[in-house]
Amino acid sequence: MKKLKILATATLFTVACAQASATVKVGFMLPYSGAYGTIGQTIENAFKLYVEEQGGKLAGQDIQYFRVDDESNPSKGPDNANRLIKRDQVDVLVGSVHSGVAMALAKAAKDAGVTLIIPNAGADAITGPLCSKGVFRTSFSNWQPGYAMGPVAIDKGYKTAVTITWNYAAGQESTDGFKEAFEEKGGKVIRHLTVPFPTVEFQPLLTEIASIKPDVVYAFFAGSGAVKFVQDYAGANLAANIPLLGSGFLTDGTLEAQGASADGLLTTLHYADNLNTPRDNAFRASFSKRYPSNPIDVYAMQGYDAAQLLDAGLKAVGGDIKKRDQMHEAMSNAVVDSPRGQFKLSAAGNPIQDIYLRQVKNGKNEIVKVAVEKLADPARGCKL
Ligand code: PHB
């Protein structure tokens, strides 16, 4: 009898301890090396900043972090995802930056029934044919910034364009988005040029652009590749006759390294450096205080919002991550008070958001106007 009582007390004690020390395990699958190497750390920093601002817990739960460097290498994607899912048994995955890696991650997350929040990679397919109830994005679809640049180019009177990018999903989809909107309004993309990811040998293609003589060039590059491309474009003296446009990744998080070569560039993105709203100013002040040497950019904002979205889901279930369906429902319906401006997710899980036209001035991506208001990705092929 006595033994039984001790056992019952011990069991009660264990249950109580389990509840008090409940943690939510978050696994970052991000690039910490390679062409997108600095982006991964920025996203992680911003995610942690939001959690710190909530007193180190979300919905009363401690957050335990795990991380894997995915090297922006899609072929290692399934193994890296399984390190977090099977070895570390994470509850929530946060990743990645590269679209090819994110596709592998989305598949692994779906198969394992683990919640996935994508803080960057824009692969259209993830919120298209591969869409799923437990997969969310706090960033953009590759189509969105590309599409928004189409009407801007038409308004400037450009009739012919060359597109140039890395030959992988993000570049293809960004330039396809531009082409769709540009051609809808009567423009024509006369050549599509590519280099393999993450190559930065741009000279032969710049020579080709000089001989094609389009009215304008639209480019998608990001990270260190964007730095080199913008420098090479300026160095080739093309800009005076053939203006360069791009999705905002061409100049976000890169301006310090690009220096004067980026001056005046027009890009489209769901963020800018001088939105000057109370929400954005508070975020920027908090981020730069916590991470003085980390530039604030679109990636920081997206990582911060990934934590905000998780918080919204966890709050709705009183911190009980096991109530996954209910948590996902709350995440789908959340209004995220983002530094970019408040947004909601589409049914496919992608932000419906204003896309800003920005211009590089004094080392900043300054807002010119809203290029397209509340732009929703068409989510082609998504059936939920
Ligand atoms: C992507 O691969 O989807 C990607 C990578 C870097 C960016 C934007 C998109 O800056």
Side-chain angles (χ1 to χ4, degrees), residues 29-43 46 70-77 94-106 116-128 130 135 137-149 164-178 194-200 218-230 246-255 257-258 262 265 267-272 295-303 305-306 340 349-351 353 355 358 365 377:
M29 181 159 143
L30 292 167
Y32 296 99
S33 60
Y36 295 153
T38 59
I39 299 177
Q41 190 62 57
T42 298
I43 290 171
D70 67 38
E71 302 164 44
S72 296
N73 185 340
S75 70
K76 295 185 183 172
V94 176
S96 182
V97 169
H98 183 288
S99 276
V101 174
M103 297 228 257
L105 179 59
L116 170 62
I117 305 176
I118 301 169
N120 186 67
D124 290 348
I126 292 179
T127 49
L130 304 177
V135 175
R137 192 147 50 193
T138 56
S139 51
F140 58 94
S141 74
N142 289 321
W143 178 92
Q144 279 177 313
Y147 187 84
M149 188 52 101
I164 181 166
T165 188
W166 277 314
N167 191 8
Y168 84 103
Q172 192 59 51
E173 293 166 356
S174 175
T175 53
D176 279 353
F178 171 75
T194 61
V195 284
F197 177 84
T199 312
V200 290
Y218 174 87
F220 169 90
F221 292 103
S224 52
V227 172
K228 173 86 168 26
F229 182 77
V230 166
S247 79
F249 308 108
L250 201 58
T251 56
D252 233 90
T254 55
L255 286 177
Q258 284 163 336
L265 287 184
T267 62
T268 36
L269 203 64
H270 48 292
Y271 197 45
I296 302 168
D297 54 24
V298 66
Y299 309 106
M301 179 276 282
Q302 295 169 165
D305 287 348
R340 80 192 81 174
N350 191 67
Q353 54 195 341
I355 307 290
R358 312 107 47 86
N365 287 291
D377 179 86

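Order of listing sets the numbers, starting from 1, for every ligand and every atom in it. Position 1 is the first residue of the sequence, and the numbers go up from there.
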Ring centre gap for Phe249 and Phe140 strictly below 6.0 Å: yes
For Asp305, salt bridge (Lys or Arg N to Asp or Glu O under 4.0 Å) partners two or more places apart: Arg340
By ring pair (Phe, Tyr, Trp, His ring centres under 6.0 Å) - contacts of Tyr32 (at least two apart): none
Under 3.5 Å side-chain donor-acceptor pair for Ser174 and Tyr218: yes
Pairing residues for Tyr271 by the ring pair (Phe, Tyr, Trp, His ring centres under 6.0 Å) criterion, not counting sequence neighbours: none
Sorted by chain and number, the residues that approach ligand 1 to under 4.0 Å with a heavy atom: Tyr36, Val97, His98, Ser99, Asn120, Ala121, Gly122, Phe140, Asn142, Tyr168, Ala170, Phe220, Ala222, Phe249, Tyr299
Ring geometry between Trp166 and Tyr36 (parallel below 30°, tilted from 30 to 60°, perpendicular above 60°): perpendicular
